[in-house]
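Whatever order the structure lists them in is the order used to number ligands and atoms, beginning at 1. Here the structure is a predicted model, which means the values were calculated and not measured.
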Amino acid sequence: MKALVTGGAGFIGSHIVERLLNDGHEVVVLDDFSTGHRHNLPEHSSLSIIEGDISNYDTVKQCMSGIDWVFHKAAVASVPRTVNDPVGSSLINYLGTLHLLEAARQNKVKRFVFASSAALYGDEPTLPKLETMCPVTLSPYAVDKLASESACGMYSRLYGLETVCLRYFNVYGPRQDPSSPYSGVISIFTNKLSHNEIPTIYGDGEQTRDFVFVSDVVEANMKAVTEKACSGQFFNIACANKISLNHLLKTLCELYEVELNARYEEARQGDIKHSYANIDKARTLLNWSPSIDLKEGLSRLI
Ligand SMILES: NC(=O)c1ccc[n+]([C@@H]2O[C@H](COP(=O)([O-])OP(=O)(O)OC[C@H]3O[C@@H](n4cnc5c(N)ncnc54)[C@H](O)[C@@H]3O)[C@@H](O)[C@H]2O)c1
């Protein structure tokens, strides 16, 4: 197959590229390198890299020629950045998705996989999170993800384009950038510990997250292009586990063989206390389930 991976130079996208190349597929990466890096991508005869912006429709059309599968990962993936610039980020996070869907329809793409997010559940207190829950959009990021999911569903129903939306919870693994205070907490903690620095926890550390290792996310993407029954659907992609930040740090300290306590600071405004997923729908229709537990994933990362 020939696959287009938008955001292929980023954290999750680059792992999808690697898997596709290993499986013998031809890959086109479209990335503007705003947060992604060329060094995340291998030198490979079946890989072409196009530097460009998904908010430019002509660029998107050029990349879509002859494509069978689209893995759409490109986005302004930082919630605070979308809060600071709701219009600019929407041109990428929503209009960019629409450009890709339309170019995919014109080119008779076989499957279109969209990277959605657990941010859609907002601060809705019910746990675990189920796909049937009503979304609560607390940021421009969440609004754009919801609008993009809605557009994917519409392209399936109206035009027959086969789309699948994957709602990632907290993805972690190699190549995740730890540089921003809003990056994935695991990349921040491992970065601190590997430099013998003390990590900061905002709040009491008993807040929980549902962490999923990047290779499991890659596998979900592969299922999304191969499983028949998942077209037109959206799925939670997580481990269905509640892991507190205190437990996470304790596990990391054991793996690094260090003893330390976190620095505790006041809880950040807008941070959600608990988040974990029901993944029965993905198990049934996507034929997917996670295979890497937290300790195994952290060991691989370290
Ligand atoms: N990492 C997570 O835990 C998580 C959770 C939920 C959803 N997601 C979603 O998964 C996707 C990938 O996230 P990630 O963590 O790998 O982030 P990332 O920042 O590492 O990757 C995003 C990639 O998109 C590229 N990009 C950004 N704007 C672009 C544009 N206008 N045109 C072309 N390329 C552009 C960046 O350069 C980067 O390579 C995103 O859509 C994100 O919203 C991630």
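In summary, the aromatic rings of Phe169 and Tyr276 are positioned with their centroids too far apart to meet the 6.0 Å limit.
If you run side chain to side chain contact (heavy atoms under 4.5 Å, CB included) between Leu47 and each of Val28, Val17, Leu20, only Val17 comes through.
Lys223 forms no cation-pi arrangement with Phe235, by the criterion of a distance under 6.0 Å to the ring centre and an angle within 45° of the ring axis. Judged by the 6.0 Å and 45° rule, Arg268 forms a cation-pi pair with Tyr202.
Using the six-membered ring where Trp is involved, Phe114 and His72 have ring planes that are tilted, between 30° and 60° apart. In this structure, Tyr159 and Tyr155 have tilted ring planes: the angle between them lies in the 30° to 60° band.
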Report all N/O contacts between ligand 1 and the protein shorter than 3.5 Å as a table of atom names and distances to 0.1 Å; if there are none, say 'none'.
from     : atom 1 : to     : atom 2 : distance (Å)
ligand 1 : 3 (O)  : Val171 : N      : 3.0
ligand 1 : 16 (O) : Phe11  : N      : 3.4
ligand 1 : 16 (O) : Ile12  : N      : 2.8
ligand 1 : 19 (O) : Thr35  : OG1    : 2.7
ligand 1 : 20 (O) : Phe11  : N      : 2.9
ligand 1 : 26 (N) : Asp32  : OD1    : 3.3
ligand 1 : 31 (N) : Asp53  : OD1    : 2.7
ligand 1 : 32 (N) : Ile54  : N      : 3.0
ligand 1 : 34 (N) : Asp32  : N      : 3.2
ligand 1 : 34 (N) : Asp32  : OD1    : 3.4
ligand 1 : 37 (O) : Asp31  : OD1    : 2.6
ligand 1 : 37 (O) : Asp32  : OD1    : 3.4
ligand 1 : 37 (O) : Ser34  : N      : 3.1
ligand 1 : 37 (O) : Ser34  : OG     : 3.4
ligand 1 : 37 (O) : Thr35  : N      : 3.1
ligand 1 : 37 (O) : Gly36  : N      : 3.0
ligand 1 : 39 (O) : Gly10  : N      : 3.0
ligand 1 : 39 (O) : Asp31  : OD1    : 3.3
ligand 1 : 39 (O) : Asp31  : OD2    : 2.6
ligand 1 : 39 (O) : Gly36  : N      : 3.3
ligand 1 : 41 (O) : Lys73  : O      : 2.9
ligand 1 : 41 (O) : Lys145 : NZ     : 2.9
ligand 1 : 43 (O) : Tyr141 : OH     : 2.6
ligand 1 : 43 (O) : Lys145 : NZ     : 3.0

